[in-house]
Amino acid sequence: MTAEETLYQFIAAIPFGNVATYGQLARLAGRPNAARWVGRTLKHLPKDTKLPWHRVINAQGKISFPENSEPWNVQKDKLADEGILLHNGRIRLKDFQWQC
DNA sequence: GAGATGACCATTG
DNA sequence: GCAATGGCCATCT
């Protein structure tokens, strides 16, 4: 099981209606300080991936795309479908962050 | 091999 | 809450 595969497993395991941060997933995958590695890995995902990549946000509860950009809107919509709404441009981690 | 870059984080003031 | 700072990992030039 490579670190990447482990990462995919954890992303797939994020429950509906919850989100996880880059640093959190990095830790779970066994790379405590590799948040950037998580971001890089996500960017490499095929566009037809089954992974809920939209549930991955940064530690500030914000979407890591320029606001109102195309991917930003896609992610926002998917989150809204799960009842996760942006409050002042960011997500309330306190309410939605995955506890594991 | 050095420097820049990127879907980042924790700490500090 | 926000900005600056230093750190992290992998890739590209």
Side-chain angles (χ1 to χ4, degrees):
Chain A
M1 182 80 88
T2 68
E4 283 195 357
E5 288 171 330
T6 307
L7 174 62
Y8 294 147
Q9 304 263 320
F10 278 113
I11 293 177
I14 302 173
F16 184 96
N18 284 70
V19 296
T21 66
Y22 291 93
Q24 180 178 14
L25 290 170
R27 274 195 305 276
L28 291 173
R31 303 202 153 191
N33 300 339
R36 302 202 77 130
W37 165 76
V38 175
R40 189 193 71 80
T41 306
L42 291 187
K43 184 158 61 169
H44 268 237
L45 286 175
K47 55 186 177 189
D48 63 346
T49 180
K50 304 289 195 300
L51 292 178
W53 56 270
H54 56 277
R55 294 181 187 145
V56 183
I57 59 179
N58 67 25
Q60 300 153 27
K62 295 197 293 194
I63 295 176
S64 298
F65 288 115
E67 209 161 317
N68 294 322
S69 67
E70 194 49 37
W72 185 92
N73 273 313
V74 171
Q75 186 165 7
K76 182 181 73 70
D77 285 350
K78 287 178 176 298
L79 290 173
D81 279 347
E82 306 192 1
I84 302 171
L85 298 176
L86 294 183
H87 188 269
N88 236 345
R90 80 188 134 193
I91 291 160
R92 294 190 177 190
L93 285 180
K94 189 173 176 301
D95 296 335
F96 298 113
Q97 183 168 27
W98 182 28
Q99 312 289 341
C100 67

If I compare all heavy atoms of A:K76 with all of A:I63, which pair ends up nearest, and what's the gap?
N-CD1, 4.0 Å
Could you report the tightest heavy-atom contact between A:L93 and A:Q60, atom names first, then the distance?
CD1-C, 4.5 Å
With rounding to the closest Å, how many angstrom separate the C1' atoms on B:dT5 and C:dG7?
15 Å
Between A:L7 and A:L25, which heavy-atom pair has the shortest distance, and what is it?
CD1-CB, 3.8 Å
Donor-acceptor contact below 3.5 Å, side chain A:E82 vs main chain A:P15:
no
How would you list, by chain and number, every residue that makes a side chain to side chain contact (heavy atoms under 4.5 Å, CB included) with A:E70, sequence neighbours excluded?
A:V74
Please tabulate, one pair per line, each protein N/O and nucleotide N/O from nucleotides 9-13 of chain C that are separated by under 3.5 Å, including the distance.
unit_1 : atom_1 : unit_2 : atom_2 : d
C:dA10 : OP1    : A:R31  : NH1    : 2.4
C:dA10 : O3'    : A:R40  : NE     : 3.4

Would you kindly give the CZ-to-P distance between A:R90 and B:dC8, to the nearest whole Å?
16 Å
State, to 0.1 Å, how close A:A35 and A:A26 come at their nearest heavy-atom pair, and which atoms those are.
N-CB, 4.0 Å
Of all heavy-atom pairs linking A:G17 and A:R55, the shortest is N-NE, 4.5 Å
Are A:I11 and A:L45 connected in a single hydrophobic cluster, I mean Ile/Leu/Val/Met/Phe/Trp/Tyr linked by side-chain heavy atoms less than 4.5 Å apart?
yes
For B:dA7 and C:dG6, measure between their P atoms and round to the nearest Å.
23 Å
Hey, what are the protein-to-nucleotides 9-13 of chain B N/O distances that come in under 3.5 Å?
unit_1 : atom_1 : unit_2 : atom_2 : d
B:dC9  : OP1    : A:A59  : N      : 2.9
B:dC9  : OP2    : A:A59  : N      : 2.7

Carefully, step by step, assess A:I91 and A:L86 under the rule side chain to side chain contact (heavy atoms under 4.5 Å, CB included).
CA-CA 5 Å; A:I91 291 160; A:L86 294 183; 3.4 Å; yes
Once side-chain hydrogen bond (donor to acceptor under 3.5 Å, both in side chains) is applied, do any residues pair with A:R40, and if so which ones, sequence neighbours excluded?
none
So do A:Q75 and A:I57 actually touch side chain to side chain, heavy atoms under 4.5 Å?
yes
Take the angle between the ring planes of A:F10 and A:W98 and call it parallel below 30°, perpendicular above 60°, tilted in between.
tilted
Taking the side chain as every heavy atom from C-beta outward, state whether A:Y22 and A:L42 have any pair of such atoms under 4.5 Å apart.
yes
Which value, in whole Å, describes the distance between the C1' atoms of nucleotides C:dC8 and B:dG6?
12 Å
Is A:R55 near enough to B:dA7 that one of its side-chain N or O atoms lies under 4.0 angstrom from OP1 or OP2?
no
Just to be sure I understand the geometry, which residues of residues 92-100 of chain A put a non-hydrogen atom under 4.0 Å away from DNA chain B?
none
Nucleic acid contacts of residues 66-82 of chain A, taken as heavy-atom distances under 4.0 Å to DNA chain B
none
